Amino acid sequence: MTSRHARRRYAIGRLRAATRRRRSPKVAIIGSGFGGLGAAVALRRAGIDDLVIIEAADGIGGTWRRNTYPGAACDIQSHLYSYSFAPNKFWSRTYARQPEILAYLESVADDFDLRRYLMLGTTVRTLRWNSDSWSWDCELDRDGRAATLTADVVICAVGLFGSPKVPDIEGLGDFAGALMHTARWDHGVELAGKAVAVIGTGASGVQVVPELAKVAAHVTVFQRTPPWMVPKDDRPYSPTELERFRRNPLAVRRTRWQIWKFQHDNTATFADDPVVAARTHVATSFLERTVADARLRGALTPGYPFRCKRVLLGDEYYRALQQENVQLVAEPIERIGPTSVRTAAGGVVDADAIVLATGFETSRYLSGIDVIGIGGQRLHQRWGADPSAYLGVAVGGFPNFFMLYGPNTNQGGNSIVYILEAGARLIASAVGRLARRGGYLDVRPEAEKRYNDRLSADLERTVWTQCDSYFRSPTGRIVTQWPYTELEYARRTWRLRQRDWLHRTGMAPAAVRPTRVAQGAL
């Protein structure tokens, strides 16, 4: 028996033993990326086995199934961009590419026996709290057919990067060539030998440009704001390293810890933190020694403080911009025509294809899902333009409803998987309490307000207030970021603080408990 098969049998055996110890509430998990799969494992470890993982796509992976553009990769080293409970000794390089990350998530689904919970090709349209039965009525779209599902608990793990952001540029709809967003890559479009315009220089733009430069006749990069960039030690692991990882599990954990320690020590969010000054020097020196041309270097020099926007990893990007077939345009785009892009300065760039590397609607949490809580209140109306939540996982008035990667949980420098595991642990603790005592849990309004008031005050001291970025909502509030360390988030989510929650027990008003199976067209 191989070590992987042994690990799989051991993991499944422990999870099944745990789930036999108690009656499970019915839990619906929305999303099967890192958050959704992590939540499923945490619940099974807590003895909760009555699960369904609802996924709109035809397979698991979430972001790492949707984003297949050339060069897609993680920007945290592979050994840390993975679950602590499922270290991967088979990573082939320091920063894994999309196919390898997706394969890792597939292996986690297999090793922890999660596929039997999957409901693929299913989109959640509406979640409605039923005050008579103390449960959630879920309205679904399954392969174009309406369906319903009733669950005691809902965990929304759809993530932060689900809705692509399309820029409001005059004439974009008139473009006659190939037009695609990096998050919706069309692999049927042949870009070899073509003139390609790339709009945007965020994380996906920085990754896709070097790959396009290898095949396109010409690549024009339209930059609105230059990103701060630091070196990326992206390389294949040597045969010696791979053999050590495969033979010695402690080597994997040691490497993981070393990466975590580096990230932790270099995470800084407050403007007066000396780490910000030190890392600014690293980024400035990196730009100076990598880009020889003074004019190009000037165009790539940010005019805002380091860490105010997302810091990117830029070795290949900087080198690509210096190739003869790549041009950086820092002038604003005025309009797009059928075959060209016109800048505000009057320049015209011909293009056969346009790639939108313009990111996501990060402030539109739970986009496309109408969540209706106690008394008919709608979550999106409650939030308006400024979503917020207690510890990013719960909102008062929406009982037994939890989120992963919710408002203000995006990490300032370390691995988001660490945050997702911490949030999943808290949610599993809450659901375990429901399994023991029944009823429903709702965060107390005063606890939620106290938490968000302190959070907002501390966010105003961060470096993120000193520029505009996707961290902010349209009103200017920082809605995505966690201003403290990842250890602080783990500490606050370590256990359920009973004083912050209302746990109503007893029998639901309805005389008959609702059905727990999918109905309608399922």
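Worth saying up front: this structure is predicted, and the values here are computed from it rather than measured.
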Give me the ring orientation class for Trp228 and Phe306: parallel if the planes are under 30° apart, tilted from 30 to 60°, perpendicular past 60°.
perpendicular

Would you call the rings of Trp464 and Phe471 parallel, tilted or perpendicular, taking 30° and 60° as the class edges?
perpendicular

Assert yes or no for the condition that the ring centre distance of [X] to [Y] is strictly below 6.0 Å.
X	Y	result
Phe286	Tyr318	yes
His79	Tyr237	yes
Tyr470	Phe360	no
Tyr418	Tyr489	no

Side-chain contact test, heavy atoms from C-beta onward, threshold under 4.5 Å: evaluate it for [X] versus [Y] and give yes or no.
X	Y	result
Leu356	Leu179	yes
Gln481	Gln411	no
Arg224	Ile333	no
Leu191	Met180	yes
Thr220	Val198	no
Thr123	Ile369	no
Leu300	Leu321	yes

If I take atom NZ from residue Lys89 and atom CZ from residue Arg253, how far apart are they, to the nearest 0.5 angstrom?
11.5 Å

About how many Å separate CZ of Arg342 and OG of Ser340, when rounded to the nearest 0.5 Å?
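One gets 6.5 Å once the value is rounded to the nearest 0.5 Å.
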
Got a donor-acceptor contact below 3.5 angstrom from the [X] side chain to the [Y] backbone?
X	Y	answer
Asn408	Ile478	yes
Asn67	Thr63	yes
Asp352	Lys194	no
Thr465	Arg461	no
Thr475	Ser473	no

Taking all heavy atoms of [X] and all of [Y], pick out the closest pair and write down the distance.
X	Y	answer
Ile60	Ala109	CD1-CB, 3.7 Å
Val326	Ala213	CG2-CB, 3.6 Å
Glu331	Thr343	OE1-OG1, 2.8 Å
Leu51	Ala40	CD1-O, 4.0 Å
Met403	Ala394	CE-N, 4.2 Å
Ala42	Ala424	CB-O, 3.8 Å

No-hydrogen, no-angle side-chain donor-acceptor test under 3.5 Å, [X] and [Y]:
X	Y	answer
Ser84	Glu421	yes
Glu241	Ser238	yes
Asn88	Tyr83	no
Asn410	Tyr405	yes
Gln466	Tyr304	no
Thr68	His187	yes

Is any side-chain N of the basic residue among [X] and [Y] closer than 4.0 Å to the acidic one's carboxylate O?
X	Y	result
Asp265	Lys261	yes
Arg65	Asp58	yes
Glu488	Arg492	yes
Glu211	Lys214	yes
Arg310	Asp75	yes
Glu243	Arg247	yes
Asp234	Arg93	yes

Derivation and outcome, side-chain contact (heavy atoms from CB on, under 4.5 Å), residues Val158 and Leu366:
CA-CA 7 Å; Val158 296; Leu366 313 187; 4.0 Å; yes

Tell me whether Arg295 at atom CZ has more than 12 heavy atoms from other residues, nucleotides or ligands lying less than 6.0 Å away.
no

If you count the non-hydrogen atoms of other residues, nucleotides and ligands that lie under 6.0 Å from NE2 in His264, is the total more than 12?
yes

Candidate list Leu80, Asn266, Thr485, test side-chain contact (heavy atoms from CB on, under 4.5 Å), partner Asn414, passing option
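Result for side-chain contact (heavy atoms from CB on, under 4.5 Å) with Asn414: Leu80.
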
When you look at Asp370 and Arg125, which way does the salt bridge (Lys or Arg N to Asp or Glu O under 4.0 Å) test go after all the steps?
CA-CA 6 Å; Asp370 189 12; Arg125 298 301 185 194; over 6 Å; no

Check the pair Arg115, Glu106 against salt bridge (Lys or Arg N to Asp or Glu O under 4.0 Å), reporting the backbone distance first and the verdict last.
CA-CA 9 Å; Arg115 293 193 186 276; Glu106 298 273 10; 2.4 Å; yes

Hey, which of Asp458, Thr267, Thr462 is the one that makes side chain to side chain donor-acceptor pair (under 3.5 Å) with Tyr484?
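Of all the options given, the one that passes is Asp458.
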
Using ring-ring contact (aromatic ring centres under 6.0 Å, His included) as the criterion, point out the one residue from Trp64, Trp91, Tyr81, Phe90 that pairs with Tyr104.
Trp91

Hits for ring-ring contact (aromatic ring centres under 6.0 Å, His included) against Tyr317, two or more places apart or cross-chain, chain-then-number order -> none

Apply salt bridge (Lys or Arg N to Asp or Glu O under 4.0 Å) to residues Asp468 and Lys309 and explain how you reach the verdict.
CA-CA 8 Å; Asp468 292 326; Lys309 297 175 184 283; over 6 Å; no

